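It should be emphasised that the depicted structure is a prediction, and the values quoted were computed from it without experimental measurement. Note that the numbering runs from 1 along the sequence shown for the chain.
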Amino acid sequence: MISSRNARTVANLAIASTLAILLAACGSMSLPSLSSSPPPEAEPGVAPEMPATIRSDEIVGRWGLASFQNPNDRARTEAAARGQCKQPYVIGAGANGGVVMHLADQATPQELRLKGSPSGKNYIGPPGPAGGDQDREILSFDGRVMVTRFIEKDAAVRYGNMVYVRCAPRA
């Protein structure tokens with residue numbers, strides 16, 4: 001016969017052994033995750049870059065440049081930009097199909113891309129999703145006059161609506 005003290009010890013060992021076996025079995029099983037993040041294969045990828053409806057070669061050239069804050073000043077600002085053709089802002093062709101322009105607050109121009117968006121808007125900016133903080137939205141473009149505005153709020157306030165008026169070719 002087993003004494004009651006030994007019986008209790010044997011019972012405790014049996015329970016501990018059973019728990020150890022169950023825990024080991026659970027560790028090797030694949031249980032559903034309780035986290036709120038989707039499984040890796042369900043994560044959305046980066047949206048493919050959309051082409052802009054304006055080609056980079058359409059904006060390469062010499063432009064008079066001025067800016068306005070108040071929409072009522074647009075006509076006057078276009079005339080002021082036309083007057084700047086004596087010292088034009090030059091938008092160059094980039095080596096990789098983009099355009100060479102300045103970013104906000106940057107002294108050195110760099111190659112930027114023309115980017116489209118699902119909403120039909122066009123942007124000029126560094127590689128990355130359309131409408132990023134360093135981008136400028138092309139508000140209007142008719143081949144002769146282009147109006148842009150920086151996306152980043154502080155730059156938009158400082159620079160306003162940038163009006164580019166195409167300068168006549170040199171004679």
Side-chain angles (χ1 to χ4, degrees), residues 32-171:
S33 173
L34 298 178
S35 69
S36 62
S37 64
E41 63 271 6
E43 288 183 31
V46 175
E49 195 169 293
M50 291 185 65
T53 58
I54 300 168
R55 296 184 324 270
S56 60
D57 64 335
E58 291 180 282
I59 66 170
V60 168
R62 298 169 52 245
W63 299 84
L65 176 62
S67 73
F68 66 90
Q69 294 285 353
N70 184 342
N72 294 333
D73 294 336
R74 180 175 172 162
R76 181 182 56 78
T77 306
E78 281 185 32
R82 200 171 296 110
Q84 292 297 315
C85 283
K86 296 175 191 109
Q87 297 176 328
Y89 180 80
V90 177
I91 299 176
N96 297 309
V99 294
V100 178
M101 296 178 73
H102 292 85
L103 288 173
D105 306 321
Q106 298 295 314
T108 306
Q110 66 184 48
E111 184 168 358
L112 305 175
R113 304 173 67 91
L114 272 83
K115 304 181 266 188
S117 70
S119 64
K121 294 179 179 179
N122 291 298
Y123 299 90
I124 303 169
D133 272 354
Q134 293 185 311
D135 288 356
R136 66 188 91 193
E137 180 184 351
I138 300 174
L139 301 174
S140 65
F141 177 72
D142 66 6
R144 187 186 65 79
V145 176
M146 177 172 65
V147 179
T148 69
R149 185 164 186 87
F150 284 101
I151 298 297
E152 198 267 319
K153 299 285 187 215
D154 289 337
V157 168
R158 282 193 312 278
Y159 293 101
N161 296 294
M162 307 291 288
V163 177
Y164 299 81
V165 175
R166 190 173 297 278
C167 298
R170 291 183 185 156

Practice task
Please say which of Val163, Thr148, Val147 ends up in a side-chain contact (heavy atoms from CB on, under 4.5 Å) with Leu139.
Solution key: Val147
Problem - Thr77 and Asn161, any side-chain heavy atoms less than 4.5 Å apart - result: no
Exercise for the section: Any chance you could measure Arg55, atom CZ, to Leu114, atom CG, to the nearest 0.5 Å? Expected result: 10.5 Å
Exercise for the section: Please say whether more than 12 non-hydrogen atoms of neighbouring residues, nucleotides or ligands are located less than 6.0 Å from CZ in Arg166. Expected result: yes
Handout entry: Euclidean distance, Phe150 CZ relative to Ile124 CD1, rounded to 0.5 Å
Key = 9.0 Å
Handout entry: Asn122 and Phe141, any side-chain heavy atoms less than 4.5 Å apart
Key = no
Practice task
Please work out which of the three classes, parallel, tilted or perpendicular, describes the rings of Trp63 and Tyr164, given edges at 30° and 60°.
Solution key: perpendicular
Practice task
Please check if the side chain of Gln134 supplies one atom and the backbone of Pro126 the other of a donor-acceptor pair under 3.5 Å.
Solution key: no
Completion exercise
Those residues at least two apart in sequence (or on a different chain) that pass side chain to side chain contact (heavy atoms under 4.5 Å, CB included) with Glu152 are Asp133, Asp154, Ala155
Practice task
Please answer whether the main-chain N or O of Ala95 pairs with a side-chain N or O of Glu111 as donor and acceptor at a distance below 3.5 Å.
Solution key: yes
Problem - Leu65 vs Gln84 side-chain heavy atoms within contact, under 4.5 Å - result: no
Practice task
Taking all heavy atoms of Ser67 and all of Met162, pick out the closest pair and write down the distance.
Solution key: CB-SD, 3.9 Å
Exercise for the section: Check whether any side-chain heavy atom of Val145 sits under 4.5 Å from a side-chain heavy atom of Arg74, and report yes or no. Expected result: yes
Exercise for the section: For residues Lys115 and Ala130, report the shortest heavy-atom separation together with the two atoms involved. Expected result: CB-CB, 4.0 Å
Practice task
Hey, could you give me the OH/NE2 distance between Tyr89 and His102, rounded to the nearest 0.5 Å?
Solution key: 5.0 Å
Exercise for the section: For Arg82 and Gly64, indicate whether the former's side chain and the latter's backbone hold a donor-acceptor pair under 3.5 Å. Expected result: no
Exercise for the section: Check for a donor-acceptor pair, side chain of Arg62 on one end and backbone N or O of Ala168 on the other, with a separation under 3.5 Å. Expected result: yes
Problem - Closest approach of Arg136 to Leu112 (non-hydrogen atoms, all atoms of both residues) - result: NH2-CD1, 4.1 Å
Handout entry: Which atom of Ala81 lies closest to which atom of Val165, heavy atoms considered
Key = CB-CG2, 3.7 Å
Handout entry: Heavy-atom pair with the smallest gap, counting every atom of Cys85 and Pro88
Key = O-CD, 3.3 Å
Fill in the blank from the handout: Between the CG atom in Leu103 and the CD atom in Gln110, the distance rounded to the nearest 0.5 Å is 4.0 Å
Problem - Donor-acceptor contact below 3.5 Å, side chain Tyr159 vs main chain Asp105 - result: yes
Handout entry: Heavy-atom check, side chain of Glu78 versus side chain of Arg144, under 4.5 Å
Key = yes
Practice task
Could you pull out the closest heavy-atom pair between Ala93 and Val100, with the gap in Å?
Solution key: O-CG2, 3.9 Å
